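The next block holds one structure in the form of structure tokens; read it before the comments.
Order of the sequence lines sets the chain letters (A, B, ...), proteins ahead of strands, with each chain counted from 1. None of these values were measured; they are calculated from a predicted model. Side chains included, hydrogens not; waters and symmetry mates left out as well; all remaining heavy atoms used.
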Amino acid sequence: MSIGMQQSWLLTLIPLTSFLIVSLFGKKLPRQGDWIVVLSGSLCFLITLLIIGDFQSFFHGHGFEPDGNNIYNFDWINIPNYLLIEYSTFVDAITVVMLFVVSLVGLMVIIYSIGYMQGEQRYHWYFSLLAFFLAAMFTLITTGNLLQLYLAWEGVGLGSYLLIGFYWEKQSAAEAAKKAFITTRIGDVGLLIGIIMLWRVAGTFDIQTIIQLAQESTFSDGYLTTAMIFLFFGAVGKSAQFPLHVWLPDAMEGPTPVSALIHAATMVVAGVYLVSRMLPIYTLLPIAQNLILITGLITALLAATMGLLAQDIKKVLAYSTVSQLGYMFVALGVGSLTAAMFHLFTHAFFKALLFLGSGSVIHATHKQDISQLGGLKNKMPITFVTFSIGALSLAGIPPLSGFWSKDEILLYTSEFGAIFYGLLLFAALLTAIYSTRLVILTFFGTPKDQEANDHAHESPKLMSVPLLILAFFATVSGFFIFPFVGNLVGFDSGFSGIVYLDHPHDFHIELSTMLVAISVSLLGVLIGYLYWLNADGRRAENAKEWAPEVRNLLLNNYYFDNFYQAIINKFILGLASIIAWFDDQVVNRSGIDGSAQIINYIGFRLKFLQTGKIPNYVLMMALGIILFSFIMVVNY
Amino acid sequence: MIALENFLILSTILFSIGFFGVLSRKNAILILISVELMLAAVGINFVAFASFFDTSQLSGHIFTLFVIAIAAAEVGLALGIIIRLFRDRNSVNIDEANDLKW
Amino acid sequence: MFSKIPLPDQFDRLIITGGIVTASTTLFILSILLILKFLDFISYTEVFFWLISTGMIIGALASVLLKNIVHAVFSILAPLLGIVAIYLFLGSEFLALAQLLIYGGGVVILLLFALMMTNVQDQPLVEDGSQKPFSIIICILIGLILISRLLSADLNLSTVSSAELSVLAGVIFTDFLIPFLLVGLLLDIALTGALLNGKTHNVVATKRDGD
């Protein structure tokens, strides 16, 4: 039996099995069972390659009609004549891209974790959670119906929650886990409402059927717009977009490999995946699509400015993730599926690389604050080189992958409108500045903490090899946009020939936009160099005096957290106190205690019937006999 | 010849009187003899019906025999209990043996 | 213990008053019945039946109404022995014999012993319960209901079949053998239980504080 697109359910089954084995018996297994998870991760990567090969031949056989195929595995819920939900898998170009990203980054992170988590408590639990997360993530991207998608969506949320709170002994980690879960839940409610609204009219959860029905105008425009905006709200929560972006920076409390896997490469792009999957419907709805565009743009700008001043190495990366996800939504908002998926593809590699590199730094120095780091470039050469490749890729310096995908987005945006293009360029400038700052403060200059610097050393091979592999992909994955590179690996016309919405198109270079993008990136790097490296960062020190209000605003993340806390304190707790009053007075005192008191009172009165005198009881018996006699006399 | 109704009415009257005794008396021994009266009344009923209807099986007669036997056992046990009650409380007034009240 | 029991006084008065009341009542009823007989309204059998029935009812009423506990216990003898005659009317000699032996010989003696063991001499007069007036109504009601149902039933049968002792014995020792044995066992257990229950040295002091 050959494994191909028909067998994509294996991708759910294998990690789920290893999750069960490792979580239940992990403590008794040799090496606490991490090899099982590594094995299942490798198997999943292998299967993914086989699926890609199968897809490739399917792709050739069908010409340029990559509509994928829908495979029904079994009846999931079957109420005859009323409801039939089939467990189905669906593989198309979007799925294939996501599969490659998830399985590769997943495998790298699992291998990296063996080194990073060495000697940690609950080692087997960590690995079983990684397996669980992968199972849910694979289900999410291979599913063919919305209900199954929702299930997997909550599954990755649960995995994320458990892994953020992995160090639950730490108060901040426990609170960050709760914050992440609750914030994404707010979005998930929207997703659920959207799914139910679509189901009410379409009568099915099958995504392709719903898209077809939408294109045949089965839905009324207003209804469909409302449903799709609700659906998008789910994506906003999961992908940490404005205004639900607040959870992602706090989610950095989890182990660093988890941040690389879940909060950079895979789970947070689930929202992008969802909107990409439903993009044929969104293109029909200008209002919803503009909402996506504006949300993405605001997020990209806000997060980039917040990243400028963040002190924690992982938080800088978290803000940059939020910002880059905003880019992807901008691409979807202007209707370019190719650009969004391409940026997702490259971003996954260089952002995972950055996170794993920062993990390497943290592992070596036990410090996360970049003001405490510095001068590590000679101590940790592999980490320095790979981290710099990731950062330059993020900044958009050619020929690294980030440049090509960002350029694609900028190109489509420039066709859409000058204002959006300008704002996005500004965000790109900020991105270049903060990524340069990050590298400089971490690896250049003089060490601020000499003792930590002395103990720093290059990470073990288990950690540095994944860094090198990811660095390779972060460098070359951008070339996949060129048709001749696509031809080399078996896909005609490159990335834009596979992943497209309405019509395939060749990649074309608009020299002017490309030059603008390159110059903006270089300008950003130059500014970073001038401020933080040249003259020993005195310019940056002086800059602190410029605009203290703006600086405070940025340092406090635009007071979003305080604003939400105020809403919770004033509004939600106020409402809760009303409900608590209702619960206490009406439900508890009147309802439960009250009914108990009534019973008690009645019982107190009635107990005097129990006189303890036998003749009284006999008398009652006699009265009963008389009563029954009369009933019988009446009846006969 | 005496008709069946006469026996039945006699039995009913005795039964009602016995029941009245059970309801109105306070002394345990007197309640007991009232119960005996009711049992005797039921015995008349059985034997009367047996004599007038059931000519071959004699079930009513045998049933009455059993009733008499069990009544004797009951009297023996009940009197034992009454004597225990008297030793315990120095009284056979059942209104005073009302520990199981509210 | 036996010295407590004022046998002579009680029995003297009992015999005198009881004898006078019974004799006069019986004579009164008998004379009425005999008059009816001689007027050819009823036969001798019926005279006897009515006499017995009236005696039983009077005795029953006396046993539930009399204040004196000893009088009440003796009065129960009238209905219990009257039943012997009723059984004879119904042709069941064995039952009549059994009734006479068990009730007349056993149960009443037991009751009298129980009387002797309790505080008869301190309070020979008993009080009745507070629900006495109400229970009169109840019992009259029950009696009336039962009699009305009886009379409305269609019981036009008049053949009395007597239960021959030999036939009865045959049925008991064939069809009803196991129940018969079980009743014997029950009697045995009950009387053993009564015996154990009444044993003095077995009594644990159970006086409670409150009473």
Taking C/L81's backbone N and O only, do any of them form a donor-acceptor pair with C/Q99's side chain (distance below 3.5 Å, no angle check)?
no
Can you name the ring-ring contact (aromatic ring centres under 6.0 Å, His included) partners of C/F180, sequence neighbours left out?
C/F173
Please look at B/I44 and chain C and tell me whether the side chain, the backbone, both or neither of the residue comes under 4.5 angstrom of a heavy atom of that chain.
both
Tell me, for C/I83 versus chain B, whether the close heavy atoms (under 4.5 Å) come from the side chain, the backbone, both or neither.
side chain
Leading residue by heavy atom contact count with chain B [cutoff under 4.5 Å; candidates C/L146, C/V108, C/L110]:
C/L110
Atom group of B/I33 that falls short of 4.5 Å from chain C, counting heavy atoms
both
Ignoring hydrogens and angles, tell me if any N or O in the side chain of B/S34 forms a donor-acceptor pair with the backbone of B/L30 under 3.5 Å.
yes
With chain B, which of C/V107, C/I142, C/L111 has the greatest number of heavy-atom pairs at distances under 4.5 Å?
C/L111
The test is side-chain hydrogen bond (donor to acceptor under 3.5 Å, both in side chains); show your working for C/Y87 and C/E93 and say whether it passes.
CA-CA 7 Å; C/Y87 286 163; C/E93 296 93 348; over 6 Å; no
Side chain to side chain, C/L168 and B/H61, heavy atoms closer than 4.5 Å:
yes
Based on non-hydrogen pairs under 4.5 Å, which of C/I76, C/L61, C/L95, C/D188 is most in contact with chain B?
C/L95
Could you look at B/L14 and say if it's the side chain, the backbone, both or neither that has a heavy atom under 4.5 Å from chain C?
side chain
Please state whether the side chain, the backbone, both or neither of C/L141 comes within less than 4.5 Å of a heavy atom of chain B.
neither
Please report the C-alpha distance between B/F7 and C/F49 in whole Å, then the side-chain angles of each, then the deciding distance to 0.1 Å, and finally whether the ring pair (Phe, Tyr, Trp, His ring centres under 6.0 Å) criterion is met.
CA-CA 10 Å; B/F7 292 105; C/F49 175 77; 5.2 Å; yes
Which one of C/G184, C/P79, C/P179 has the most heavy-atom pairs closer than 4.5 Å to chain B?
C/P179
Pick one of side chain, backbone, both or neither for B/I13, based on which atoms fall under 4.5 Å of a heavy atom in chain C.
side chain
Would you name the heavy atoms of C/A78 and C/M56 that are closest together and state the gap between them?
O-CG, 4.0 Å
Does any heavy atom of chain C fall under 4.5 Å from the side chain of B/L32, the backbone, both, or neither of them?
side chain
Do any N or O atoms from the side chain of B/S11 and from the backbone of B/A41 form a donor-acceptor pair under 3.5 angstrom?
yes
Please determine, among C/I189, C/I172, C/L65, the option with the most heavy-atom pairs under 4.5 Å with chain B.
C/L65
Between C/L186, C/L80, C/I136, C/L191, which has the largest tally of heavy atom pairs under 4.5 Å with chain B?
C/I136
Side chain from CB out, backbone as N, CA, C, O: work out which of these in B/L8 comes under 4.5 Å of a heavy atom of chain C, or both, or neither.
both
Please look at B/L77 and chain C and tell me whether the side chain, the backbone, both or neither of the residue comes under 4.5 angstrom of a heavy atom of that chain.
both
Exercise: identify the closest heavy-atom pair between B/S91 and B/N93
OG-N, 2.9 Å
Taking C/S135 for the side chain and B/F20 for the main chain, is one N or O donor matched with an acceptor at less than 3.5 Å?
no
